[in-house]
Colleague: 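Next up is a structure, given as structure tokens.
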Amino acid sequence: MRGTRDLLPDQTPLWNKVEATARGVFARYGFGEIRTPVFEDTSLFSRSVGEETDIVSKEMFTWEDRARAASEKAQSLTLRPESTAGVVRAYIEHKLGETGQLQKLYYIGPQFRRERPQRGRYRQFWQIGAEVIGPQSSGAESPLRDAEVLEMLASLLDELGIRDWKLELNSVGSAEDRVRYNQALREALEPVKHLMCVDNQRRAETNPLRVLDSKDEADQEIINGLPKIADYLGAESKAHFEAVLEALDACGVKYHLNPRLVRGLDYYTRTTFEFTVTTGLGTQNAMLGGGRYDGLSEMLGGPRAPGIGFAIGEDRLILTLQAQAEADGLSVAAAKLDAYIAPLGVAQNAAALALAKELRREGLTVEVGDGSFKLRKSFDAADKVARSIVLLGEDEVASGVLTVKTFAIGEQWKCLKKDFAKVIKAENWMREYRATAQKTGFASDDLLADRREEVFNEARKDANNDAEQFLLRRQI
RNA sequence: GCGGCUAUAGUUCAGUGGCAGAACGCCGCUCUGUGGCAGCGGAUGUCGUGGGUUCGAAACCCACUAGCCGCCCCA
């Protein structure tokens, strides 16, 4: 299907890592998860996102859900093109405002827009987003909420290892400020718009704010001469924005004021922002966007409930991480299993599966080959997916003593069945410490890893000795 | 939705009108209880789909589909 993709097992580990990191960060900032339907009544989106926006006017997947009885009306349904509307709908429907508490909600899920696909632009795409919303008395309108959300995003991107992100920030003012500014823009555009490109001529008519976003080289001079939104902010909007900036400065979050930053959804008021990146996305360089929506709840028939939120384009985040890894010359190796069990003949097949069952129940990750494989093939297959191969022939099945080769050490060892999981767990411990040491850079972590390596080596040798003694006694 | 580029083996790609190719990967053998190296051998396939031009099309033309680049928009 156009604009859709399958994420195969070589991709999903990165997706899961990104989502786990986001969940961890959200939890530290007091956010709880909300899951809303992927389709909603069409009017939810036309009322919130805006009838005249591109999203609503040409990009939604909409269909008529037929009436099931004469008494029922057909209903127009739409696959959600974004999630803020649904979250606010749920906020109203479940009367979350009545709790008096500030609501901090996050979501991770697919969104749908019928656009022409491109790198970083898909018809089904994923967003990781969050909303802070509540009655005024809960502090939902405080500039600290704006700053906290922005600081959280900066921390999240840093934790994910996204480099060179840039926060672009603007205030589009209150609904009233915007009306006045729109008026001023139209007036300023009237005498000069015929000098501009056709796209901008059209925008000057339909949505003057979008002229500010134009990339047309020739029109830049005119655009620079247009009125600035900052000059049309009311005193309250101005004070609010200044308080946001002050808090960001205090947190050390770097931002770039962009008076031309205009977002395409009608519900945005006051603080609006975008995080852009330079790696991996081409022209779709906006990795996340968001802003304040102080009037949205009321637009949807709810109580006054100011809020602020954002949506991260998860697909774009992942493209960026992949592009960065490629630029660094890193290849992401698939995680290897603890053991590959190779029956040396079909006679050992059943025993191999039984052994795999035992080891898996003890928590090891295990793959089983087949007795029809030649030994060489078993080794090749094992080395690709696992760290150790367990050779299971007649002798091993008879004695219960395993023959193991651990690829990284290149050494073969014997082990009583009951000891195997313990030894492998010692190895995994050692590897965990190594990974930690690589992350922290602390010499002490390296030292711990060294000690764990000794423990692993000793455990392996002990197991080997025990196994050999057991075999000796058995011969006598 | 507009303009452009692209589509050949599992992957990356070569092939500009005359037998469908390379590298990597895969499978087999040398080598039936010890792999990785090496040697030898093998299969790779609707040349995106459909139509047209031609004695002959992977190649030229048209349409469609999909991806990518730019626009538009946004995440």
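So you know, we letter chains A, B, ... as the sequences are listed, proteins then strands, and number each from 1.
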Colleague: Counting only non-hydrogen atoms, which of residues 364-381 of chain A are less than 4.0 Å from RNA chain B?
Modeller: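 Result for residues 364-381 of chain A: A:Lys374, A:Leu375, A:Arg376, A:Lys377, A:Phe379, A:Asp380, sorted by number.
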
Colleague: Can A:Asp146 and A:Arg270 be counted as an ion pair, charged N to O under 4.0 angstrom?
Modeller: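 Not counted as a salt bridge, because no side-chain N and carboxylate O are separated by less than 4.0 Å.
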
Colleague: What distance, rounded to whole Å, do you find between the two C1' atoms, one in B:A57 and one in B:G51?
Modeller: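 Going atom to atom, C1' in each nucleotide, I get 13 Å.
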
Colleague: Identify whether any heavy atom of A:Glu396 sits under 4.0 Å from a base atom; if not, whether one sits that close to sugar-phosphate; answer base, sugar-phosphate or nothing.
Modeller: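 The answer is base, as A:Glu396 lies within the cut-off (heavy atoms under 4.0 Å) of a base atom.
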
Colleague: Counting any heavy atom closer than 4.0 Å, what does A:Phe310 reach on the DNA or RNA strands: base, sugar-phosphate only, or nothing?
Modeller: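 No contact at all - A:Phe310 keeps every heavy atom at 4.0 Å or more from the nucleic acid.
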
Colleague: Rounded to the nearest angstrom, tell me the gap between atom CD in A:Glu326 and atom C1' in B:U12.
Modeller: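 Rounded to whole Å, this separation is 13 Å.
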
Colleague: Could you check how far OH of A:Tyr340 sits from C1' of B:G35, rounded to whole Å?
Modeller: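 My rounded result for the distance is 12 Å.
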
Colleague: Which of these nucleotides, B:U34, B:A66, B:G36, is closest to any side-chain atom of A:Arg2?
Modeller: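 The listed nucleotide nearest to A:Arg2's side chain is B:A66.
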
Colleague: In whole angstrom, what separates A:Ile341's CD1 from B:U34's P?
Modeller: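 It works out to 20 Å between those atoms.
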
Colleague: So, do A:Arg80 and A:Phe39 sit near enough that their side-chain heavy atoms are less than 4.5 Å apart?
Modeller: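 The answer is no; the side chains never approach within 4.5 Å.
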
Colleague: Between A:Phe112 and A:Arg123, is there a cation-pi geometry (under 6.0 Å to ring centre, at most 45° from the normal)?
Modeller: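 No, A:Arg123 and A:Phe112 do not form such a contact.
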
Colleague: Do side-chain atoms of A:Gln348 reach the backbone of A:Glu396 as a donor and acceptor pair under 3.5 angstrom?
Modeller: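 Not a single qualifying donor-acceptor pair exists.
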
Colleague: Check whether A:Phe456 forms a cation-pi arrangement with A:Arg460 (NZ or CZ under 6.0 Å from the six-membered ring centre, at most 45° off the ring normal).
Modeller: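 So A:Arg460 does make the cation-pi contact.
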
Colleague: Here's a test for you: under side chain to side chain donor-acceptor pair (under 3.5 Å), which of A:Gln127, A:Glu131, A:Gln111, A:Arg35 qualifies with A:Ser83?
Modeller: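 Filter result, single survivor: A:Gln111.
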
Colleague: Output the rounded distance in Å from CD (A:Gln412) to P (B:G35).
Modeller: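 In whole Å, B:G35 P and A:Gln412 CD are 10 Å from each other.
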
Colleague: When every nucleotide of nucleotides 69-75 of chain B is labelled 5' to 3' by its protein contacts under 4.0 Å (heavy atoms), B for base, S for sugar-phosphate only, - for none, what sequence of letters results?
Modeller: BBBBBBB

Colleague: Tell me: CD1 of A:Ile389 to C1' of B:G36, nearest whole Å?
Modeller: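 A:Ile389 atom CD1 is separated from B:G36 atom C1' by 12 Å.
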
Colleague: Between atom CG in A:Leu344 and atom P in B:G35, what is the gap in whole Å?
Modeller: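 So the two atoms are 13 Å apart, to the nearest Å.
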
Colleague: Please name all residues satisfying side chain to side chain contact (heavy atoms under 4.5 Å, CB included) with A:Glu453, sequence neighbours left out, ordered by chain then number.
Modeller: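 By the side chain to side chain contact (heavy atoms under 4.5 Å, CB included) rule, A:Glu453 matches A:Met430, A:Arg434, A:Asn457.
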
Colleague: For a quick check of understanding: with a heavy-atom distance under 4.0 Å over all strands, which category does A:Arg114 fall into, base, sugar-phosphate or nothing?
Modeller: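 Sugar-phosphate, backbone atoms only, no base.
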
Colleague: Answer yes or no: is there an ion pair linking A:Arg145 with A:Glu148, defined by an N-O contact shorter than 4.0 Å?
Modeller: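 Between A:Glu148 and A:Arg145 there is a salt bridge, with a charged N closer than 4.0 Å to a carboxylate O.
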
Colleague: Side chains of A:Asp158 and A:Ser155: donor-acceptor distance under 3.5 Å anywhere?
Modeller: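 A:Ser155 and A:Asp158 do not have a side-chain donor-acceptor pair below 3.5 Å.
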
